[in-house]
Structures are given as structure tokens and as C-alpha cells.
Amino acid sequence: MSGPVPPADGPQPVDLPAGRSYLCSCRRSRQGWFCDGAHLGSGLIAREIQLEQPGTVLMCGCGRSRRYPLCDGSHGRAAVKPWWSWWR
Ligand code: FES
């Protein structure tokens, strides 16, 4: 196989209202992208985002973003091969 590994899923647009929103960073929420407190005890915290006007943000669908749950463009980069695969 040559070229970058295609992402499992790309950015997911989500409409947010004006004001403060708390986004799920633990992937346990039953409210989709929005925090429902399920992160308690996981060591993670909700990501707070504040918009002056209602708007659309891009959420990470591939799980590789360093700013999860927000997309940072990592879905477009080649996956890093584990060091032991160099000898294959
Ligand atoms: S979808 Fe863009 S970084 Fe994951």
C-alpha cells in the first residue's frame, strides 16, 4: 500500500448556539458531542468553547486530533507506523 492511509471518518460539522458550550472529550457522553458529565473519574475534562454568534464547528471524526473533540486536520496526515513495522 502506498500513500497516506485514508481516515476512517473525516471532520463532522456540528451547529452550536451562541454562548458557551461544553464538548465531550472522553467519548462516554450519551449526548453525542456534548458533555453530560460522564467523564467524571476519567481524568479528562469537557472542552469549553464560546461563540459570539451561532456557528458551525468541525468535530474530529477520526479520533486522531490533538485538540479532540475539535478537528485539527490530523485526519489528512499519514498514520504513523509503529517502530516494529520498520523491519517488515
Ligand atoms: S477528523 Fe480531523 S483530526 Fe480527526
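Whatever order the structure lists ligands and atoms in, that order sets their numbers, starting from 1.
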So which heavy atom in the protein is nearest atom 2 (Fe) of ligand 1, and how far is it from that ligand atom?
H75 ND1, 2.1 Å
Can you tell me the protein heavy atom closest to atom 1 (S) of ligand 1 and the distance?
G61 N, 3.3 Å
V57 and Y22: same hydrophobic cluster, using ILVMFWY side-chain contacts below 4.5 Å?
no
Look at atom CD of Q50 and say whether more than 12 heavy atoms of other residues, nucleotides or ligands are closer to it than 6.0 Å.
yes
Around atom CG of L51, are there more than 12 heavy atoms of other residues, nucleotides or ligands at under 6.0 Å?
yes
Under 4.0 Å from a heavy atom of [X]: which atoms of ligand 1 are those, numbered in the order shown and with their elements?
X: P11; value: 1 (S)
X: S74; value: 3 (S)
X: G10; value: 1 (S)

Any donor-acceptor N/O pair, E48 side chain to A46 backbone, under 3.5 Å
no
For ligand 1, note which part of D72 has a heavy atom under 4.0 Å away: side chain, backbone, both or neither.
both
C60 SG and C62 SG subtending at atom 4 (Fe) of ligand 1 (10° steps):
100°
Suppose we only count N/O/S atoms under 2.8 Å; would C71 qualify as near atom 2 (Fe) of ligand 1?
yes
Do L16 and F34 come within less than 4.5 Å of each other through their side chains, counting heavy atoms only?
yes
So CE of M59 and SG of C71: to nearest 0.5 Å the spacing works out to 10.0 Å
